[in-house]
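Working notes, beginning with the structure itself.
Please read these numbers as outputs of a predicted model, since none were measured by experiment. Residue indices begin at 1 and follow the sequence shown.
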Amino acid sequence: MLGILAGMVKPSGLVKPVSVTRIAGRYLAHQEGLPKLPVPPLQQTCERYLAALTPIVDPEELNHTWQLLEEFQKPGGVGERLQKGLEQRAKKMENWLSDWWLQTAYLDYRMPVVVHSSPGVVLPRMEFSDRQGQMRYAAKLITGVLDFKSMIDNETLPVEYLGGKSLCMNQYYQVLSSCRIPGTKRDNVVNYALDKRPPTHITVVHNFQFFVLDVYNSNGTPLTVDQIYIQLEKIWSSSLQTNKEPIGILTSNHRNSWGKAYNNLIKDKTNKESVRAIQKSIFTVCLDAPLPCASDDMYRTRAGVQMLHGGGSRWNSGNRWFDKTLQFIIGEDGTCGLIYEHAPAEGPPIVSLIDHVVQYMKSSEMVRTPMVPLRMPQKLRFNITPEIKKDIEEAKQNMNIMVHDLDMKVSVFSHFGKDFPKSQKMSPDAFIQVALQLAYYRFYKRCCPTYESASLRMFRLGRTDTIRSTSIDSATFVKAMDDPAKHAIRGQAIDRHMLGLKLQAIEDLAALPEIFMDTSYAVALHFNLSTSQVPAKTDCVMCFGPVVPDGYGVCYNPMDAHINFSVSAFNSCQDTNAARLAQALEDALLDMKTLLKQTPKAKL
């Protein structure tokens with residue numbers, strides 16, 4: 001496989017990946033100027049689908065799929081009918097995909113959001129000499145998020161650009177004051193930021209006990225760092241009992257079970273009011289208990305799992321409300337980061353918020369403010385019936401099973417960062433993706449379906465499509481990654497189009513076309529490698545769980561001189577091993593560098 005990497009030097013005619021730049025501008029006027037997401041041509045998608053299948057299914061299966069595609073594409077046939085239906089939908093709607101995607105990818109998905117959906121972010125480790133340090137850090141972080149919120153509220157959030165094209169900013173307006181609400185068959189998301197009287201409080205949770213903390217004065221100005229610190233001290237001092245029922249752990253259960261338990265929980269008026277206060281809050285801050293000491297090498301991995309699931313019912317898993325869009329986690333031992341519920345937004349807006357907050361915290365100092373007495377933060381009460389207690393016990397058991405099943409490795413590749421691929425005139429992302437392909441191939445002696453999320457934010461209300469990093473030839477793949485005409489971000493990828501055709505068929509036809517019942521379609525959607533590049537200015541790393549039982553979740557943040565990686569798998573699958581894949585990835589990156597150093601440069 002190394003042989004095919006020799007041709008990776010990029011022809012100079014191809015466009016270099018462009019970093020995102022920000023320019024201030026008004027939100028709504030900007031949004032209206034964005035193009036609508038196109039529906040790709042049917043023939044193009046069918047051809048690309050077949051090409052994507054070639055390295056991952058056997059020839060006999062491929063031939064069968066080719067015949068089904070020929071039938072599907074016939075003039076006047078079912079494919080044409082569905083394509084016309086999609087094109088009509090695209091004319092009528094702001095975005096033909098976004099509602100469907102929100103439903104199918106998130107709200108209809110019934111697995112727990114913990115591990116299976118919600119990503120975590122590990123921030124640089126803090127050295128708190130005492131718990132006051134933890135409170136000071138939390139107070140600064142809260143004011144930093146409120147500073148970011150003021151840009152959202154005033155619509156002065158700088159518009160982002162990629163390759164000269166402005167990006168949709170809608171996701172930024174969905175992450176604060178929003179929450180997922182469980183249902184017994186389907187969930188929904190509420191955004192209280194749009195209310196006539198938007199929320200002015202956050203929730204703070206400590207020792208499994210939830211508090212409402214008002215973060216604005218009556219005149220609408222935010223509390224200072226100093227004031228928030230005093231309020232956090234009050235919260236801490238009035239929640240020292242460690243024997244409270246971890247009500248928040250209910251949110252980690254299977255969605256149908258949690259939906260049923262939720263309906264039962266909110267029958268009680270006090271419980272309903274407490275739950276509403278959490279759902280309406282701008283965001284949540286989790287003040288976590290310290291973990292047992294770990295070596296520096298193990299720290300990052302343990303911090304990663306702490307962000308994803310909290311370590312189990314004995315540790316901090318009950319110190320969360322996993323349906324809340326944004327939860328910042330601040331451990332007494334300096335383990336810091338966040339977890340976010342994925343339905344309203346992708347990683348980049350979250351990381352952009354993190355970068356802003358981290359920068360803000362460097363410059364903000366504790367300002368002594370006039371001591372206006374502030375009301376004691378309100379503790380949220382829950383009446384725990386025997387039935388609710390039973391639901392909590394079930395959620396605890398299921399959480400502990402998930403904790404034991406997650407195999408995680410968070411590491412820093414310190415030999416080089418994005419500077420090296422750039423020096424070779426290559427896209428760092430393409431370079432890492434080929435290394436991943438190589439690592440997986442060496443491990444399993446086969447190629448596998450690989451998902452890399454690609455942003456569709458060039459289009460109004462755009463979310464993501466899929467870059468299928470496994471191609472007939474990885475050299476061609478690298479060129480495809482860098483050629484804007486082929487790039488998924490231009491709305492010309494196959495996965496969301498195929499999904500649209502399938503959902504259109506469900507709406508329009510009595511029976512699902514054979515192409516969607518084909519074995520190849522199931523293989524194509526079984527992503528053994530689910531990957532994402534989430535670049536940040538902050539030296540952090542995002543982590544998420546695998547999307548299939550025998551798969552891996554791989555996330556990376558390429559810094560100038562090193563790369564932060566997280567690799568996840570499930571212990572219940574004997575064929576996967578996160579630490580081994582992480583090591584294979586490190587070896588592949590070093591081998592590719594060696595190869596490029598030995599290969600004569602192509603004349604550009």
Side-chain angles (χ1 to χ4, degrees), residues 17-22 105-106 115 117-124 148 160 162 167-169 171-172 174-175 300-301 303-305 307-308 325-329 336-359 408-413 417-418 421 427-433 435-436 450-457 462-467 469 481 487-489 527 529-547 552-560 562-568 578 582 585 589:
V18 186
S19 61
V20 170
T21 51
R22 295 181 170 81
Y106 301 111
V115 174
S117 174
S118 298
V121 178
V122 180
L123 288 172
F148 192 83
E160 294 174 350
L162 183 63
L167 300 180
C168 175
M169 300 298 286
Q171 289 178 39
Y172 285 98
Q174 309 305 325
V175 293
R300 287 186 191 87
T301 296
V305 298
M307 298 312 132
L308 279 182
T325 308
L326 263 186
Q327 297 191 91
F328 293 92
I329 297 160
C336 297
L338 65 99
I339 180 171
Y340 75 95
E341 200 288 301
H342 211 329
E346 266 71 58
I350 305 293
V351 164
S352 184
L353 185 153
I354 290 170
D355 282 341
H356 179 89
V357 171
V358 168
Q359 215 37 53
M408 186 94 190
K409 180 68 183 172
V410 179
S411 56
V412 178
F413 177 79
K418 61 185 174 190
S427 146
D429 186 42
F431 189 85
I432 294 167
Q433 282 289 327
L436 260 171
T450 303
Y451 179 114
E452 184 190 5
S453 54
S455 174
L456 290 176
R457 284 177 58 210
R463 294 291 300 258
T464 60
D465 208 326
T466 308
I467 299 171
S469 316
M481 291 279 285
H487 209 304
I489 62 171
F527 291 107
L529 276 178
S530 174
T531 73
S532 187
Q533 174 185 235
V534 184
K537 293 190 186 87
T538 308
D539 195 5
C540 62
V541 66
M542 192 172 274
C543 18
F544 49 78
V547 296
Y552 294 94
V554 183
C555 197
Y556 48 95
N557 174 14
M559 308 295 283
D560 288 342
H562 66 274
I563 306 167
N564 295 333
F565 279 107
S566 71
V567 179
S568 67
L585 178 55
L589 285 163

Over all atoms of both residues, closest heavy-atom pair of [X] and [Y]:
X	Y	answer
Cys540	Leu123	CB-CD2, 4.1 Å
Ile432	Ile563	CD1-CD1, 4.0 Å
Pro535	Val351	O-CG1, 3.4 Å
Val534	Cys555	CG2-SG, 3.7 Å
Phe544	Val554	CZ-O, 3.5 Å
Asp539	His562	OD1-NE2, 3.0 Å

Inset, instruction - Evaluate the side chain to side chain donor-acceptor pair (under 3.5 Å) criterion for residues Ser532 and Glu452: first the C-alpha distance (whole Å), next the side-chain angles of each, then the deciding distance (0.1 Å), finally the verdict. - result: CA-CA 5 Å; Ser532 187; Glu452 184 190 5; over 6 Å; no

Inset, instruction - Walk me through it: do Glu346 and Arg457 pass the test salt bridge (charged side-chain N to carboxylate O under 4.0 Å, His left out)? - result: CA-CA 10 Å; Glu346 266 71 58; Arg457 284 177 58 210; over 6 Å; no

For [X] and [Y], indicate whether the former's side chain and the latter's backbone hold a donor-acceptor pair under 3.5 Å.
X	Y	value
Asn557	Asn564	no
Asp355	Ala536	no
Ser568	Met408	no
Ser427	Asp429	yes
Thr325	Glu341	no

How would you list, by chain and number, every residue that makes a side chain to side chain donor-acceptor pair (under 3.5 Å) with [X], sequence neighbours excluded?
X	value
Ser118	none
Asp560	none
Gln533	none

Would you please name every residue forming a ring pair (Phe, Tyr, Trp, His ring centres under 6.0 Å) with [X], sequence neighbours left out?
X	answer
Tyr451	Phe527
His356	Phe148
Phe328	Phe283

Legend entry - Trace of the ring-ring contact (aromatic ring centres under 6.0 Å, His included) decision for Tyr106 with His342: CA-CA 8 Å; Tyr106 301 111; His342 211 329; 5.1 Å; yes

Inset, instruction - Please test Tyr340 against Met542 for side chain to side chain contact (heavy atoms under 4.5 Å, CB included), starting from the C-alpha separation and ending with a verdict. - result: CA-CA 11 Å; Tyr340 75 95; Met542 192 172 274; 3.7 Å; yes

Legend entry - Straight-line distance of Gln171 CD to Ser455 OG, nearest 0.5 Å: 7.0 Å

Inset, instruction - Please test Tyr556 against Gln433 for side chain to side chain contact (heavy atoms under 4.5 Å, CB included), starting from the C-alpha separation and ending with a verdict. - result: CA-CA 10 Å; Tyr556 48 95; Gln433 282 289 327; 2.8 Å; yes

Legend entry - Identified side chain to side chain contact (heavy atoms under 4.5 Å, CB included) counterpart of Ser566 within the set Val410, Leu308, Val121, Thr301: Val410

Legend entry - Ser352 and Tyr172: side chain donor to acceptor below 3.5 Å: yes

Inset, instruction - Would you sort out whether Ile329 and Leu338 count as a side chain to side chain contact (heavy atoms under 4.5 Å, CB included), showing the intermediate values? - result: CA-CA 5 Å; Ile329 297 160; Leu338 65 99; 5.7 Å; no

